[in-house]
Amino acid sequence: MSRHFLYATLISVAVLFSAIMPVQAGKFYLSSELGMNFGESLDMSGSNNDRASVCDGYINPRYNQVEGTAGYVSYSCTGSNRGSTGGWRNGFSADEGVLFGVALGYLLNDSMFRMELEYFYRDTGYDEISDVHGGAGENSDKLEQEIVRAIDGIDSLVSHNLFANLYADFTNDSRFTPYIGIGIGVGLTEADYSSVWARNSDASWIETGAGLPNAQEIRTNLAGTASAAQKQLEDTLFGYQLVAGIDYALTDTLILGIKGRWVEYDR
Amino acid sequence: MSEKGVVWNPLRGHAPYLRTSEQADGGDREFVKGKVKLDDIEMFAISVNLKYRF
């Protein structure tokens with residue numbers, strides 16, 4: 001509410017200033033914007049080098065004997081590639097948040113086009129935990145045999161974006177000017193990530209180690225353990241956007257508008 | 001979007017062990033490291049804007 005009040009106040013002051021001190025409209029413009037962003041659902045894939053539980057020396061003191069046991073000949077408990085095939089997938093639902101930005105633009109001479117350098121900030125409040133599904137390799141075995149719950153979580157996804165845009169204005173006899181635009185740029189993107197894989201506290205529920213001579217010891221050692229991770233994900237992403245909007249000329253120099261955009265980021 | 005430096009810290013839920021990340025994978029002080037990747041990130045936005053020409 002206070003942010004909306006601030007924006008309304010700024011608009012009022014700008015209109016008043018423009019009315020009192022009329023200035024010849026030039027080719028440049030400064031703009032500011034405030035709005036909402038709606039982040040699409042996110043697909044996440046993960047991988048790690050966590051070895052199979054039966055190859056974990058803490059869990060299974062006889063881990064170096066596993067490869068010679070029937071049913072485990074394909075396991076790599078002592079080689080350098082142990083834990084090399086583990087992976088999983090997850091997803092997070094769409095969510096929304098605030099967006100604001102500033103831009104410096106220039107109207108190209110005798111044409112309908114204008115160029116713009118734009119900075120905008122977006123904060124999409126995913127703030128969600130999601131159950132892991134689609135495990136592969138060592139992680140698939142753990143999910144099927146011992147994990148009672150595995151979750152990934154992300155907090156808000158935040159990005160600072162710098163884009164170069166090109167717009168086409170469809171001027172007419174009215175004060176309204178529809179426009180469309182395209183842009184390319186980069187987004188410095190961050191999101192806090194966390195993960196917990198919790199094993200059943202009841203060893204009788206765990207199936208890991210079936211066929212090994214010390215299976216009961218393995219299951220007892222596994223019961224009640226959890227694996228956790230926490231990390232801030234950071235990346236600089238390439239992005240492109242499509243923009244459309246409509247402006248209304250309050251005065252010769254001051255323009256109020258509404259703008260919609262679709263942005264996609266990729267590496 | 002991806003991150004290669006994720007370190008897993010397995011914790012024993014009961015005595016006597018509390019593993020650290022340096023002991024994460026079986027006692028040979030090998031880190032358990034991972035990578036998570038968020039696929040293409042899309043966003044729609046709608047905003048009110050104010051321009052000043054000069």
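What you see is a predicted model; the values in this text were computed from it and never measured. By convention in this document, chain letters (A, B, ...) are assigned in the order of the sequence lines, proteins followed by strands, and residues within each chain are numbered from 1.
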[X] versus [Y]: any side-chain heavy-atom pair under 4.5 Å?
| X | Y | answer |
| --- | --- | --- |
| W262(A) | E42(B) | yes |
| V48(B) | L256(A) | yes |
| D40(B) | E264(A) | yes |
| I255(A) | Y52(B) | no |
| V36(B) | Y193(A) | yes |
| S47(B) | L34(A) | no |
| D39(B) | L42(A) | no |
| M44(A) | K37(B) | no |

What part of [X] is in contact with chain B, defined as an atom under 4.5 angstrom from a non-hydrogen atom: side chain, backbone, both or neither?
| X | result |
| --- | --- |
| L30(A) | both |
| D247(A) | side chain |
| Y248(A) | neither |
| I258(A) | both |
| I246(A) | neither |
| I154(A) | neither |
| R122(A) | side chain |

Q: Considering only heavy atoms and a distance below 4.5 Å, find which of S45(A), S31(A), G97(A) pairs most often with chain B.
A: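 Highest number of pairs under 4.5 Å: S45(A).
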Q. Only one of E40(A), E96(A), R261(A) clears side-chain contact (heavy atoms from CB on, under 4.5 Å) with F44(B); which?
A.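 Looking at E40(A), E96(A), R261(A), the match for F44(B) under the side-chain contact (heavy atoms from CB on, under 4.5 Å) is E40(A).
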Q: Give a yes or no answer on whether the side chain of R53(B) reaches the backbone of G26(A) with a donor-acceptor pair at less than 3.5 Å.
A: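 Such a contact is found between R53(B) side chain and G26(A) backbone.
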Q: May I have the step-by-step check of side chain to side chain contact (heavy atoms under 4.5 Å, CB included) for I41(B) and V263(A), ending in yes or no?
A: CA-CA 8 Å; I41(B) 298 172; V263(A) 192; over 6 Å; no
(Q) Please report the interatomic distance CG(L50(B)) to OH(Y29(A)), rounded to the nearest 0.5 Å. (A)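 Taking CG in L50(B) and OH in Y29(A), the distance rounds to 12.5 Å.
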Q: Enter the distance from K51(B):NZ to S32(A):OG here, rounded to the nearest 0.5 Å.
A: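 Going from the NZ atom of K51(B) to the OG atom of S32(A) covers 10.0 Å.
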